[in-house]
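Quick notes on the structure that follows.
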Amino acid sequence: MRVLVINSGSSSLKYQVRDTDSNEIAANGLIERIGEGSGGPADHGEAMEDVAAVLEGVLTQKPLDAVGHRVVHGGERFSEPVLINNEITRAIERLNPLAPLHNPANVLGIRAITAKWPDLPQVAVFDTAFHRTLPEHAWRYAVPDSLYRQYGIRRYGFHGTSHEFVTGRAAALLGVPLDGFNAVVAHLGNGASLTAVQGGASIDTSMGFTPLEGLVMGTRSGDLDPSILIYLQRQGLSADEIDTMLNRESGLKALAGNNDMRAIVDAAEAGDRHARLALDVASYRLAKYIGGYHVAVGGAQALVFTAGIGENSAVFRALVVDRLGALGVKLDAGANLVRVTSPRVVSTADSAIPVLVVPTDEEQAIAEATAAIVLAS
Ligand code: AMP
């Protein structure tokens with residue numbers, strides 16, 4: 001099947017045309033600065049028009065069979081990918097308040113395609129769906145129940161498509177049946193989250209009500225004392241200023257002055273104290289979470305690294321695993337340095353559990369899920 005995969009960010013739109021039988025990428029691209037004036041597309045609807053124009057040549061040779069959308073927030077309703085119709089689009093729209101930067105962009109993209117190609121099946125693949133198996137003790141915050149009932153305040157978790165894809169790959173690499181697979185999966189990109197997998201299902205994850213909670217990320221703070229927010233508001237900062245600070249000016253960028261892991265590692269090796277501290281804070285926080293999730297899953301059978309940093313930064317992996325000595329986990333220094341693009345083991349034979357590097361591919365996962373839904377419908 002030929003599937004157009006659409007991955008909309010708040011001001012960007014990534015697209016790929018995938019052939020799910022051959023796993024070939026027939027076309028791909030990125031439109032940036034959406035809605036920022038200066039001649040770019042005014043919104044994600046216009047950006048979709050631009051994508052359709054660019055793809056005209058590719059699609060004349062072989063037309064599309066379906067479109068798969070990455071939708072950030074599926075709320076409590078969506079636990080699986082779904083075939084989109086008007087009611088589903090409205091349901092995604094009703095979740096806009098939970099993901100104000102992302103879901104509106106998804107809805108505009110869906111409607112633009114409906115207008116352009118009304119007969120083309122469209123599928124929504126939700127970033128939250130894999131985490132719909134979290135037990136209540138993991139998704140509840142210890143706050144009054146009215147916050148949950150009135151505002152939907154609970155842990156949702158994100159990066160689910162990636163965590164699910166990587167979990168499946170890791171189980172296959174180890175030859176363990178998925179429903180008997182316990183693991184701790186670290187998706188470490190510019191956004192970062194850790195998932196506790198038990199019996200192949202997500203039972204806890206570090207991102208929460210929004211993708212701000214949990215690990216130290218490229219520009220996001222991760223966990224902090226919520227009183228800090230109240231204190232800053234009392235000092236005169238507005239909600240928007242605090243939002244921008246914690247989402248765009250914190251994390252590695254705040255600590256090291258940079259959110260590119262390669263540059264941070266280079267600077268640390270050259271003796272930059274701030275870069276060193278950024279690596280220490282991020283690896284320490286992650287190691288604590290891994291220890292917690294090892295307990296949460298009742299003993300993980302593997303620790304899995306994925307995404308930009310997890311796949312490519314041997315230095316960061318080593319910093320994290322060095323902090324896991326109490327668990328008996330040991331990296332094989334040579335294997336850790338090898339750069340390959342397929343799943344692999346990077347721990348020693350006597351490591352308490354294997355450490356894996358498993359490349360993620362959200363577009364492939366979305367294309368495959370889309371094809372499966374369309375074939376079944
Ligand atoms: P992602 O969001 O998955 O694209 O990941 C982005 C992050 O991966 C950035 O912090 C990059 O610095 C980091 N990254 C990408 N390639 C490398 C590499 N070769 N070595 C270290 N970090 C990398």
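For ligands, and for the atoms within them, numbers begin at 1 and follow the listed sequence. The basis for the numbers below is simple: all heavy atoms, side chains too, and nothing from hydrogens, waters or symmetry mates.
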Compute both the distance and the angle, then confirm whether Arg154 meets the cation-pi test with Trp139: under 6.0 Å from the six-membered ring centre, within 45 degrees of the axis. yes
Heavy-atom contacts under 4.0 Å between Arg339 and ligand 1: side chain, backbone, both, or neither? side chain
Looking only at protein heavy atoms, identify the closest one to [atom] and say how far it is in Å.
atom                    : result
atom 20 (N) of ligand 1 : Arg262 CG, 3.3 Å
atom 13 (C) of ligand 1 : Ile309 CG1, 3.6 Å
atom 19 (N) of ligand 1 : Asn312 CB, 3.4 Å
atom 2 (O) of ligand 1  : Asn190 N, 2.9 Å

Please check: side-chain N/O of [X] versus main-chain N/O of [Y], any donor-acceptor pairing under 3.5 Å?
X     : Y     : value
Arg2  : Leu59 : no
Asp19 : Asp21 : no
Arg70 : Ile6  : no

Contact between ligand 1 and Leu252 is defined here as a heavy atom of the residue under 4.0 Å from a ligand atom; is it met? no
The criterion is ring pair (Phe, Tyr, Trp, His ring centres under 6.0 Å); which residues satisfy it with Tyr293, sequence neighbours excluded? Tyr289
With ILVMFWY side chains joined below 4.5 Å, transitively, what does Tyr284's cluster contain besides itself? none
Relative to the heavy atoms of [X], which atoms of ligand 1 are at a distance of less than 4.0 Å?
X      : value
Gly189 : 1 (P), 2 (O), 3 (O), 5 (O)
Asn259 : 10 (O)
Gly308 : 1 (P), 3 (O), 5 (O), 8 (O), 13 (C), 14 (N), 15 (C), 23 (C)

4.0 Å protein heavy-atom contact status of atom 4 (O) of ligand 1, strictly under: no
For ligand 1, which is the ligand I care about here, please tell me if Asp260 has any N or O atom under 3.5 Å from one of the ligand's N or O atoms. yes
Answer yes or no: does an N/O atom from Met261 fall short of 3.5 Å to an N/O atom of ligand 1? yes
Short N-O contact, Arg132 and Glu80, less than 4.0 angstrom: no
The reported gap from CD in Glu24 to CD in Gln16 (rounded to nearest 0.5 angstrom) is 12.5 Å
